[in-house]
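Below is one structure; the comments refer to it alone.
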Amino acid sequence: MMPAHETYDVIVIGAGAGGMTAAAVAAAEGLRVLVIEKTAFVGGTTAWSGGMIWIPANAKMEAGLSDSITDAVQYLSSTVPEPANAGLRAAFLARGPEAIGYLEANTEVRLQPVKDYPDYYPERLGATRGGRVLEPAAFDGVWLGK
Ligand SMILES: Cc1cc2nc3c(=O)[nH]c(=O)nc-3n(C[C@H](O)[C@H](O)[C@H](O)COP(=O)(O)OP(=O)(O)OC[C@H]3O[C@@H](n4cnc5c(N)ncnc54)[C@H](O)[C@@H]3O)c2cc1C
């Protein structure tokens with residue numbers, strides 16, 4: 001049980017990608033973080049997933065491929081109905097590349113482009129032939145210790 005005198009700046013519930021990213025960023029910012037996970041494992045659904053993330057106009061676009069936020073807006077507009085929270089979509093597009101840069105600069109997360117991975121609707125306006133999808137590079141689990 002947690003001693004009553006312990007205090008934290010941030011308490012994260014759930015150790016999947018969402019929670020662990022929040023926790024890692026908070027810790028990188030110098031905050032005292034507690035992660036509470038209900039199972040005996042770290043990872044949640046994320047541990048079973050392909051781990052691929054879709055970040056348009058990221059800095060790791062494969063050589064020969066180009067991309068822009070304008071293209072990504074066109075692609076999303078032609079594949080996903082205009083969301084009620086359009087501001088959130090705009091923030092995702094505008095700051096996704098920055099988020100990748102932040103994670104690589106401040107945590108052990110390393111991402112690499114998935115080769116030859118076109119957007120799911122490659123014929124639509126703003127689609128790319130590849131480069132938007134990144135996956136985590138292999139991590140040496142020995143670092144985690146027992
Ligand atoms: C086979 C498969 C492949 C996939 N591939 C991809 C992919 O390539 N790219 C992609 O973007 N998405 C993919 N997805 C979807 C993606 O895995 C999920 O959207 C993502 O993992 C959700 O992350 P999360 O952090 O929100 O939740 P989770 O990873 O599920 O983490 C939630 C955590 O919270 C814990 N928890 C829940 N309730 C409590 C509580 N009350 N107290 C404490 N802890 C609690 C859970 O035990 C769990 O560990 C895939 C999914 C599957 C099943």
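Every heavy atom of this structure was used, including side-chain atoms; hydrogens, water molecules and symmetry mates were not. When a ligand or atom number is given, it counts from 1 through the structure's own listing order.
- Within the 4.5 Å cutoff, the side chain of V80 has heavy atoms near those of the R89 side chain.
- Taking each heavy atom of L134 and G131 in turn, the nearest pair found is CD2-O, 4.5 Å.
- The other members of the hydrophobic cluster of M61, by chain and number, are L65 (side-chain heavy atoms under 4.5 Å, ILVMFWY only).
- In this structure, CG on D119 lies 10.0 Å from CG on D71, to the nearest 0.5 angstrom.
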Show me the donor-acceptor pairs, under 3.5 Å and distance only, between side chains in residues 138-145 and residues at least two apart or in other chains.
{"residue": "D140", "atom": "OD1", "partner": "V142", "partner atom": "N", "Å": "3.0"}

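- Within 4.0 Å of ligand 1, protein heavy atoms belong to I13, G14, A15, G16, A17, G18, I36, E37, K38, T39, G43, G44, T45, T46, W48, S49, G50, G51, M52, listed by chain and number.
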For residues 92-100, tabulate all N or O donor-acceptor pairs below 3.5 Å that involve a side-chain atom, not counting sequence neighbours.
{"residue": "R95", "atom": "NE", "partner": "E98", "partner atom": "OE1", "Å": "3.1"}
{"residue": "R95", "atom": "NH2", "partner": "E98", "partner atom": "OE1", "Å": "3.4"}
{"residue": "R95", "atom": "NH2", "partner": "E98", "partner atom": "OE2", "Å": "2.7"}

